[in-house]
Amino acid sequence: MKITRYLHEIRFILPISIVMFLTIFILPFYSVEGYSILKHTTSHLGAQYSPHAWIMNTVFILLGITCIVESWLHLKRFWVQKTLLIIFGSGLILVAFFRHAPIIRGIPYSILEDTAHSIFATIVGVSFTLFAFSAVFIEKTNRRKAIALCIGLIAIVLSVLMFSVVDLAGLWQRIMFIISFTWLIFFLEGMRNRNAG
């Protein structure tokens with residue numbers, strides 16, 4: 001019982017999110033020559049043949065595990081939200097194992113792995129967006145409901161921008177990561193407090 005109670009008190013998502021924020025802005029300086037924070041995404045940081053790709057992919061795995069653990073600890077009776085957050089976390093883990101095509105053209109790479117990466121990245125985006133919208137139904141206050149709704153809408157808008165203004169895909173994705181994980185910290189803290197009360 002003491003171990004379970006201790007686990008409930010740990011803010012798993014906070015330190016891992018901070019590591020992720022640092023990684024997506026620092027690792028580009030040590031990645032492939034020509035990598036652009038504005039144009040290239042975090043998937044490119046963990047891509048096939050990218051230098052130090054293991055760092056970004058380790059962060060993806062840690063984020064995924066953290067989301068799965070947090071969902072089990074704090075979304076016990078909310079099965080829809082728990083399932084969506086577990087799918088989101090699992091997608092992050094699989095994105096790390098199936099890596100994006102390399103930035104440098106002309107290098108032989110695994111098309112199958114790149115295709116799988118795209119599928120799992122799409123699952124990550126869709127499951128998070130659905131999770132944010134579903135959070136509206138379990139939040140207690142109108143303010144928190146409105147924030148969850150806005151997060152879902154922002155995720156859609158930024159996803160569309162990533163595919164329509166591709167030269168700024170890295171910027172849109174980083175904005176999405178910062179907003180999404182900041183809200184996720186805020187949301188899980190609220191759930192933790194509710195369960196403790």
Side-chain angles (χ1 to χ4, degrees), residues 1-25 41-43 59-96 119-164 169 171-197:
M1 289 297 286
K2 285 185 179 179
I3 293 173
T4 306
R5 192 178 306 155
Y6 176 71
L7 288 174
H8 277 274
E9 293 172 2
I10 297 176
R11 273 68 174 166
F12 291 101
I13 194 76
L14 179 59
I16 301 301
S17 294
I18 291 170
V19 169
M20 184 265 294
F21 294 150
L22 292 172
T23 302
I24 64 176
F25 287 105
T41 66
T42 58
S43 290
V59 171
F60 282 143
I61 291 167
L62 291 174
L63 281 171
I65 292 169
T66 298
C67 288
I68 292 168
V69 169
E70 291 274 11
S71 70
W72 278 102
L73 289 174
H74 306 297
L75 296 172
K76 292 182 178 178
R77 59 198 168 113
F78 302 111
W79 284 99
V80 171
Q81 291 76 13
K82 180 193 279 192
T83 302
L84 287 170
L85 195 55
I86 288 171
I87 292 170
F88 173 69
S90 300
L92 284 169
I93 293 168
L94 291 167
V95 155
I119 292 168
F120 293 125
T122 300
I123 289 170
V124 166
V126 171
S127 59
F128 178 82
T129 303
L130 292 174
F131 174 75
F133 284 133
S134 73
V136 173
F137 299 99
I138 63 172
E139 288 284 25
K140 288 282 193 182
T141 67
N142 287 335
R143 178 175 167 268
R144 293 180 71 96
K145 289 175 189 291
I147 291 171
L149 180 62
C150 286
I151 294 298
L153 293 172
I154 288 169
I156 291 172
V157 170
L158 289 172
S159 295
V160 170
L161 285 171
M162 279 181 67
F163 290 102
S164 58
L171 174 64
W172 306 133
Q173 191 196 45
R174 282 168 172 81
I175 292 171
M176 184 171 6
F177 271 39
I178 291 167
I179 291 171
S180 300
F181 280 94
T182 300
W183 171 74
L184 194 54
I185 292 165
F186 170 77
F187 170 80
L188 290 169
E189 186 65 23
M191 295 305 297
R192 183 183 288 108
N193 293 336
R194 188 194 300 189
N195 291 335

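Atoms CG and CG, on Leu153 and Leu158 in that order, are 11.0 Å from each other to the nearest 0.5 Å. Taking CZ of Phe137 as the reference point, atom CZ of Phe78 lies at 13.0 Å (rounded to 0.5 Å). Atoms CG and OG, from Leu85 and Ser134 in turn, are 9.0 Å apart once rounded to the nearest 0.5 Å. We find the CD1-CZ distance between Ile147 and Phe186 to be 4.0 Å, quoted to the nearest 0.5 Å. Between atom CD of residue Gln81 and atom CG of residue Leu130 there is a gap of 11.0 Å, rounded to the nearest 0.5 Å. Residue Thr23 holds its OG1 atom at 9.5 Å from CD1 of Ile16, rounded to the nearest 0.5 Å.
In this structure a side-chain-to-backbone donor-acceptor pair under 3.5 Å is missing from Gln173 to Met162. Not one N or O on the side chain of Thr182 forms a donor-acceptor pair closer than 3.5 Å with the backbone of Ile179.
Taking each heavy atom of Ile13 and Ile185 in turn, the nearest pair found is CG2-CG1, 3.7 Å. The two atoms that bring Cys67 and Gly89 nearest to each other are CB-CA, 4.1 Å, heavy atoms only. Thr129 and Gly152 make their closest contact through CG2-O, 3.7 Å (heavy atoms, listed as atom of the first residue, atom of the second, distance). For the pair Glu70 and Arg192, the tightest heavy-atom approach, listed with the atom from each and the gap, is OE1-NH2, 3.3 Å. The two residues Lys82 and Leu75 make their nearest non-hydrogen contact at CE-O, 3.2 Å. Across every non-hydrogen atom of Ser90 and Ile68, the tightest pair is OG-CD1, 3.8 Å.
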Show your working on ring-ring contact (aromatic ring centres under 6.0 Å, His included) between Phe120 and Phe60 and close with a plain yes or no.
-> CA-CA 12 Å; Phe120 293 125; Phe60 282 143; over 10 Å; no

For the pair Thr41 and Phe177, evaluate side-chain contact (heavy atoms from CB on, under 4.5 Å) and give the outcome as yes or no after the intermediate values.
-> CA-CA 11 Å; Thr41 66; Phe177 271 39; over 6 Å; no

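Of the residues listed (Leu62, Thr66, Ile65, Leu63), the one engaging Phe12 in a side-chain contact (heavy atoms from CB on, under 4.5 Å) is Thr66, and it is the only one.
At a threshold of 4.5 Å between non-hydrogen side-chain atoms, the residues Val160 and Trp172 do not count as touching. When side chains are defined from C-beta on, Asn193 counts as touching Glu189, because their heavy atoms get closer than 4.5 Å. Taking 4.5 Å as the limit, every side-chain heavy atom of Leu171 sits out of range of all side-chain heavy atoms of Arg174.
Note: Trp183 and Phe128 have perpendicular aromatic rings, judged against thresholds of 30 and 60 degrees for the angle between ring planes.
Identified under the salt bridge (charged side-chain N to carboxylate O under 4.0 Å, His left out) test for residues 119-143, with sequence neighbours left out: Glu139-Arg144.
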